[in-house]
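Below: one structure, written as structure tokens.
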Amino acid sequence: MNAFGEHGKEGCRINDELLNQLYHSYYREIYIYLYSMCRRHDLAEDLTQDTFLKAILSLSDNHGNMRAWLYTVARNLYFNHARKEKTLTTLEDISSDEEPHGSELLAEITRKDRDRLLHLAIEQLSPNKREVLIMHYFSGLSQKEIAQILGLTPSNVRVLTLRAKQELKRYLEVHDIDIS
């Protein structure tokens, strides 16, 4: 017997209940994370759906942090997709025809003018530094959880976060952007 119960009808019901609970608890933040990576509503939606399905199907009995596991699966699905497409989205790839749903959701995070400027500045960071900041500040993950997701040590995450914040500060100063 594993975390999902025995096989058969009872096991399916527990799977459904767990999937439903995880989906309602983490859908929004996983979608936002994936959208920040790919910047396409349709792709972020598909990858988010796939994340929950794959996470449930591949979860081991001894995995204690479901949130970190979902981020790991989401990240792997995104990079697998990007490898398959042989492109990683860059800032120039953002379409002006973006569906309103995705833009509205991202705008909810960056509703105030100050936050929008900060988000644009974050987009200028390298992908790994941007990812660490998004996970930490927008998703509220701890350095330990980020390290687990990215396959780094917590001290590597600390260094990446520090360097990202320094680069962000320099960018804001050079562009005379005050976010205080």
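- In plain terms, the two heavy atoms of Ala147 and Pro154 that are nearest each other are CB-N, 3.7 Å.
- Here Thr72 contributes atom OG1 and Ile149 contributes atom CD1; the two are 5.0 Å apart, rounded to the nearest 0.5 Å.
- A salt bridge links Arg67 with Glu29: at least one charged nitrogen is closer than 4.0 Å to a carboxylate oxygen.
- Interatomic distance, CG of Leu47 versus OH of Tyr33, reported as 11.0 Å (0.5 Å rounding).
- Within the 3.5 Å criterion, the main-chain N or O of Glu123 finds a donor-acceptor partner in the side chain of Arg130.
- To the nearest 0.5 Å, the span separating CG on Leu77 from OG1 on Thr51 amounts to 4.5 Å.
- Residues satisfying the side chain to side chain donor-acceptor pair (under 3.5 Å) criterion with Ser139, sequence neighbours excluded, are Tyr71.
- Taking both residues in full, the closest heavy atoms of Cys38 and Ala44 are given as SG-N, 3.7 Å, listed atom of the first, atom of the second, then distance.
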- prompt: Does the side-chain contact (heavy atoms from CB on, under 4.5 Å) test come out yes or no for Met37 and Phe79, once each step is laid out?
  reply: CA-CA 9 Å; Met37 300 278 281; Phe79 283 114; 3.8 Å; yes
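- With rounding to the nearest 0.5 angstrom, the CG atom of Leu133 is 8.5 Å from the CZ atom of Phe138.
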Identify all side-chain donor-acceptor contacts of residues 164-173 below 3.5 Å with residues at least two apart in sequence or on another chain.
from   : atom 1 : to     : atom 2 : distance (Å)
Lys165 : NZ     : Tyr137 : OH     : 3.4
Glu167 : OE2    : Lys129 : NZ     : 2.2

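- Put simply, CG on Leu34 and CZ on Arg40 are 12.5 Å apart, with the number rounded to the nearest 0.5 Å.
- Taking Asn80 as the reference, Arg83 meet the side chain to side chain donor-acceptor pair (under 3.5 Å) condition, with sequence neighbours excluded.
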message: Could you go through Leu70 and Phe52, starting from their C-alpha distance and side-chain angles, then the distance that decides it, and tell me whether this counts as side-chain contact (heavy atoms from CB on, under 4.5 Å)?
response: CA-CA 7 Å; Leu70 287 169; Phe52 285 93; 3.8 Å; yes
Would you give me the side-chain donor-acceptor pairs under 3.5 Å for residues 155-163, sequence neighbours excluded?
from   : atom 1 : to     : atom 2 : distance (Å)
Ser155 : OG     : Thr153 : OG1    : 3.2
Asn156 : OD1    : Thr153 : N      : 3.4
Asn156 : OD1    : Thr153 : OG1    : 2.5
Arg158 : NH1    : Gln143 : OE1    : 3.4
Thr161 : OG1    : Val157 : O      : 2.8

- prompt: So Ile146 and Glu131, side-chain contact (heavy atoms from CB on, under 4.5 Å) or not? Walk me through it.
  reply: CA-CA 9 Å; Ile146 295 169; Glu131 190 174 15; over 6 Å; no
message: side-chain contact (heavy atoms from CB on, under 4.5 Å) for His136 and Leu141? Distances and angles first, verdict last.
response: CA-CA 5 Å; His136 183 71; Leu141 294 172; 6.0 Å; no
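- Side-chain atoms of Gln124 never come within 3.5 Å of backbone atoms of Ala121 as a donor-acceptor pair (strictly under, hydrogens ignored).
- Gln49 meets the side chain to side chain donor-acceptor pair (under 3.5 Å) test with Tyr23; sequence neighbours excluded.
- Counting heavy atoms from C-beta on, the side chains of Asn128 and Val132 never come closer than 4.5 Å.
- Taking CG of Asn65 as the reference point, atom CD of Gln148 lies at 5.5 Å (rounded to 0.5 Å).
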